[in-house]
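Whatever order the structure lists them in is the order used to number ligands and atoms, beginning at 1. We count residues from 1, following the sequence as given.
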Amino acid sequence: MNEAPGAKTAEKKTPSNEVVISLYAAQDKIYPRSTFGFFTKWRWVMIWLTQLVFYGTPWVEWGQRQALLFDLEAKRFYIFNLVLYPQDLIYLTAILIISALSLFLFTAVAGRLWCGYACPQTVYTEIFLWIERKIEGDRAARMKLDESPMSVKKLLRKGGKHFVWIAFALWTGFTFVGYFTPIRELLSEFAHLHIGPWETFWVCFYGLATYGNAGFMREQVCKYMCPYARFQSAMFDDDTLVVTYDEARGEPRGRRSRNVDSESHKLGDCIECSLCVQVCPTGIDIRKGLQYECIGCGACADVCDTVMDKMGYAPGLIKYSTQNAITQKWSHKQMLQRILRPRVLIYASILTLLILGLLTSLWLRTPFRVNVVRDRGVMARITDDGMIENVYRLQIMNGTETTQHFQLSVNGLKGLEIEEDEVKDADYSEHKKDEKHAKDAGHDKDAKHADDNKTIMVQPAESRWIIVDLKIPDGSVESGSHKIQFEIQSVESKETVTEKSIFLVPRS
Ligand code: SF4
Ligand code: SF4
């Protein structure tokens, strides 16, 4: 049975001499050594970029509200100038599909770029490792500290590290919740110890998950929990760039000093220093070939280049290369030319089409949405003045940052008219909530809808329910169900939304 690197399986004999192999694999702790070099620099650039975006975005204001806010309670997402309602779920679905396809594209081109440079697990593990190194020292010092008996110095170092880890993890949890609750309010609630139970739960939950995953689980999340590691090989082909050990150049490996002539000793360029294993965050030996545990971080390539430099050899014993480039001894140029192969071009074309489609659809999106619901609580009825009456509820959602006025008309049946006195607010608690959420989102409201009977006013980013009575003279149409259309036009943008419904005429 192949063991995962760092895993130890236990074997024991039963009285009947059967060998029992425990499926539980105890892990050896991995102490990654720090690295410097081209890929390490890029990893840190990505860490800074992703974390500046993550920690900074909730603090960005847009008008009088938070620029990016997923207000789940109000069922509304604010994304800079956009206000999305549950009916806009298609955009979020499109964003998810685009993200998945981007992952396929990047993986086909250069393997696990996401894992090595931008995945939160890699990023937070790297940050936690940095804190650990600052407090406990690099690999050798950390190993020595772990082996040493408990002392005041050890307690202070370990305690200090966990204190900083927990503080950082809680800040991460707080920022995460700040995407769902206005972060400035959250901070003020936090400062006054008035934070709500759900916010407290999610700050602690996300904080603990960060602390546990980046502080303790680390490479085990990538090896055992992440499904992407399992199916990524399906996206690889022989032209995918992956971190590769050049076996033809490196073997036979052997220790030597700088002055030894490797050719006369019939040695390859690998000096068996094991530094590539020591820096690996998943504890694998890249010289054994491509393994699913490799997250493509390039740390081994960086450290090996420093070794090659010290030995006076050419860099690139471990490098980003492709299977074809290694076996067919392609030049760098030939290898890069294969990036634009059919598979990559197909992924890129679909991705471009999807992005263009999403942008066009957002561009053409009507600045408001309408839902029409027949009021099932009020049956079609004949009124005292000889009219047949149907009652509807209309939800008008203003998806802009400015107040909009709407004009309502209805067609589909001759003689059908809106009972003007009866266009009024529905007394729904949801509507009251909307007013509150709109206020919370920073829109200037006195919560009054100063519409007349001709126009309906809806505040910025507000969703307003109204009741509409439709009437038609009794006997003008036969009994049964008749198709009708509501037309709602924005006075400001002149855009019109048409919603279908039915008008019921009871048997006389
Ligand atoms: S770092 Fe380079 S030279 Fe050292 S063991 Fe790894 S491959 Fe060989
Ligand atoms: S083998 Fe190299 S590239 Fe792969 S995870 Fe380990 S250090 Fe990173």
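Here the shortest heavy-atom distance to atom 5 (S) of ligand 2, taken over Ile284, Ile295, Val277, belongs to Ile295. Comparing Cys280, Ala301, Gly111, Cys304 against atom 6 (Fe) of ligand 2, the shortest heavy-atom distance belongs to Cys280.
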Working note: Leu113 + Thr107, criterion side chain to side chain contact (heavy atoms under 4.5 Å, CB included); need CA distance, chi angles, decisive distance, verdict. CA-CA 7 Å; Leu113 275 185; Thr107 309; over 6 Å; no
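When all heavy atoms of Arg112 and Glu293 are compared, the closest pair comes out as NH1-C, 4.2 Å.
Here Ile318 has side-chain heavy atoms under 4.0 Å from ligand 1, and that is the only part of it that gets that close. When non-hydrogen atoms are compared, ligand 1 lies under 4.0 Å from neither the backbone nor the side chain of Arg253.
Here the rule is side chain to side chain contact (heavy atoms under 4.5 Å, CB included) with Arg142, and of Glu136, Glu147, Lys29 only Glu136 fits it.
At least one donor-acceptor pair closer than 3.5 Å links the side chain of Glu462 to the backbone N or O of Gln459. When atom types are taken as modelled, the side chain of Asp88 and the backbone of Tyr85 share a donor-acceptor pair closer than 3.5 angstrom. Side-chain N or O atoms of Glu132 include none that pairs as donor or acceptor with a backbone N or O of Ile127 at under 3.5 Å. A donor-acceptor pair under 3.5 Å is absent between the side-chain atoms of Arg338 and the main chain of Met335, judged by distance alone.
What sits closest to atom 2 (Fe) of ligand 2 on the protein, heavy atoms only, is Cys300 SG, 2.3 Å. Counting only heavy atoms of the protein, atom 3 (S) of ligand 1 lies nearest to Ile271 N, 3.5 Å. Distance from atom 8 (Fe) of ligand 2 to its nearest protein heavy atom, with residue and atom name: Cys297 SG, 2.3 Å. In terms of protein heavy-atom proximity, atom 4 (Fe) of ligand 1 is closest to Cys273 SG, 2.3 Å.
The atoms of ligand 2 that sit less than 4.0 Å from any heavy atom of Ile286 are 1 (S). Of all atoms in ligand 2, listed by their number and element, those nearer than 4.0 Å to a heavy atom of Pro281 are 7 (S). Heavy-atom contacts of Arg287 reach the following atoms of ligand 1: 5 (S), 7 (S) (cutoff under 4.0 Å).
You'll find the ring centres of Phe205 and Trp202 inside the 6.0 Å limit. Phe54 has its ring centre less than 6.0 Å from the ring centre of Tyr179.
For Ser274, the heavy-atom gap to ligand 1 drops under 4.0 angstrom.
When distances to atom 2 (Fe) of ligand 2 are checked against a cut-off of 2.8 Å, Cys276 contributes no N, O or S atom below that limit.
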